[in-house]
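Note that the numbering runs from 1 along the sequence shown for the chain.
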Amino acid sequence: MDSLIPFTTSGSLVDCVDRKMLVVLRDGRKLQGVLRSYDQFANLVLEDTVERIYFRDLFAETWRGLFLIRGENVVLLGEVDLDQEDDVPLRQVAWNELEPYYQQELAAKRIREETKAQVLFEQKGFCKEGGEGDGY
């Protein structure tokens, strides 16, 4: 059992170094880049990073370059399969063409989440996220 312990920590990322990775952050952003380094806190360094946004069957990318990501902000980390990357049935468009639709979708999601949080607060006694006592 002790032999499995190193693989439950950030040490399990050793096989991912120098590979193209997809990272989803807590704020919902999706980044793709080559993982160059990490530390014991799962802080990541991505090189040749692009940020992607999606709307229906469209996507757009914008260049972000070298990107340092604090480990606590990572929701998902996965390797991009280079053999199947081009087989995804999405069409790439320009960032400025897709961004207004994406921002509109984010605003609608934010309203839904605020409404849900209000109902949970009023009817079930849950605290609102980001409220008093929720700080670090």
Side-chain angles (χ1 to χ4, degrees):
M1 186 65 173
D2 289 338
S3 65
L4 298 177
I5 291 173
F7 297 105
T8 61
T9 64
S10 63
S12 62
L13 295 175
V14 71
D15 293 334
C16 299
V17 173
D18 296 332
R19 296 190 181 187
K20 189 171 184 180
M21 305 298 288
L22 168 69
V23 182
V24 178
L25 302 179
R26 281 183 7 184
D27 65 1
R29 287 187 291 170
K30 294 155 190 76
L31 304 170
Q32 282 191 4
V34 179
L35 180 65
R36 290 297 181 200
S37 185
Y38 67 93
D39 66 8
Q40 70 270 26
F41 304 109
N43 296 320
L44 308 173
V45 176
L46 292 181
E47 186 178 50
D48 298 328
T49 307
V50 294
E51 181 178 349
R52 273 193 175 185
I53 56 175
Y54 299 89
F55 183 74
R56 298 187 182 149
D57 64 342
L58 305 173
F59 78 94
E61 294 180 340
T62 189
W63 177 256
R64 297 293 185 211
L66 191 66
F67 216 89
L68 175 63
I69 303 168
R70 196 172 161 134
E72 66 183 20
N73 292 318
V74 176
V75 172
L76 179 134
L77 174 69
E79 185 177 353
V80 175
D81 187 339
L82 299 176
D83 295 332
Q84 296 183 2
E85 183 178 23
D86 295 331
D87 296 337
V88 177
L90 298 174
R91 186 168 54 93
Q92 186 170 1
V93 296
W95 180 273
N96 57 359
E97 184 180 325
L98 191 59
E99 189 176 26
Y101 298 104
Y102 178 73
Q103 292 298 334
Q104 199 174 40
E105 186 178 56
L106 281 180
K109 181 179 179 182
R110 196 174 303 117
I111 290 170
R112 283 193 311 272
E113 291 298 320
E114 288 172 1
T115 303
K116 181 170 72 173
Q118 188 65 31
V119 169
L120 288 172
F121 176 73
E122 291 173 355
Q123 296 179 6
K124 303 292 183 182
F126 283 69
C127 66
K128 293 183 183 179
E129 188 162 333
E132 186 178 334
D134 195 31
Y136 289 99

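Under the 4.5 Å side-chain heavy-atom criterion for ILVMFWY residues, a single connected hydrophobic cluster contains both Tyr102 and Leu58. Residue Val74 is grouped with residue Met21 when hydrophobic side chains (ILVMFWY) are merged at heavy-atom distances under 4.5 angstrom, including chains of intermediate members. By the criterion of side-chain heavy atoms lying less than 4.5 angstrom apart, applied directly or through intervening Ile, Leu, Val, Met, Phe, Trp or Tyr residues, Leu77 is not grouped with Val24; the two fall into different hydrophobic clusters. When hydrophobic clusters are built by joining Ile, Leu, Val, Met, Phe, Trp and Tyr residues whose side-chain heavy atoms come closer than 4.5 Å, directly or via intermediates, Val50 is not grouped with Val88. In the hydrophobic cluster analysis, where Ile, Leu, Val, Met, Phe, Trp and Tyr join through side-chain heavy atoms closer than 4.5 angstrom, Phe67 is grouped apart from Leu22.
Distance alone, capped at 3.5 Å, places no donor-acceptor pair between the Asp57 side chain and the Leu90 backbone. When atom types are taken as modelled, the side chain of Lys30 and the backbone of Gly28 share a donor-acceptor pair closer than 3.5 angstrom.
The OG1 atom of Thr49 sits 10.5 Å away from atom NZ of Lys20, with the distance rounded to the nearest 0.5 Å. Of the inter-residue distances, the one linking Leu31 atom CG with Leu25 atom CG reads 5.0 Å to the nearest 0.5 angstrom. Separating the CD1 atom in Ile111 from the NZ atom in Lys109 is a distance of 13.5 Å, to the nearest 0.5 Å. Put simply, CD on Gln92 and CD on Glu97 are 11.0 Å apart, with the number rounded to the nearest 0.5 Å.
Remark: Glu113 engages Lys116 in a salt bridge, criterion side-chain N to carboxylate O under 4.0 Å.
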Checklist entry - Please walk me through it: do Glu51 and Trp95 pass side-chain contact (heavy atoms from CB on, under 4.5 Å)? => result CA-CA 10 Å; Glu51 181 178 349; Trp95 180 273; 4.1 Å; yes
Checklist entry - What's the verdict on side-chain contact (heavy atoms from CB on, under 4.5 Å) for Asp48 and Trp63, showing C-alpha distance, side-chain angles and the deciding distance? => result CA-CA 8 Å; Asp48 298 328; Trp63 177 256; 3.5 Å; yes
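In the displayed structure, Glu47 atom CD is contacted under 6.0 Å by more than 12 heavy atoms of other residues, nucleotides or ligands.
Listed here is the closest heavy atom pair of Leu98 and Val93: CB-CG2, 3.9 Å. In terms of heavy-atom proximity, Ile69 sits nearest to Leu46 at CD1-CD1, 3.8 Å. Looking at every heavy atom in both residues, Val17 comes nearest to Arg36 through CG1-O, 3.7 Å.
Leu66 has its side chain within reach of Val45: a pair of non-hydrogen atoms, C-beta onward, lies under 4.5 Å apart.
Ring geometry, Tyr54 versus Phe59: the interplanar angle falls from 30° to 60°, so the pair is classed tilted.
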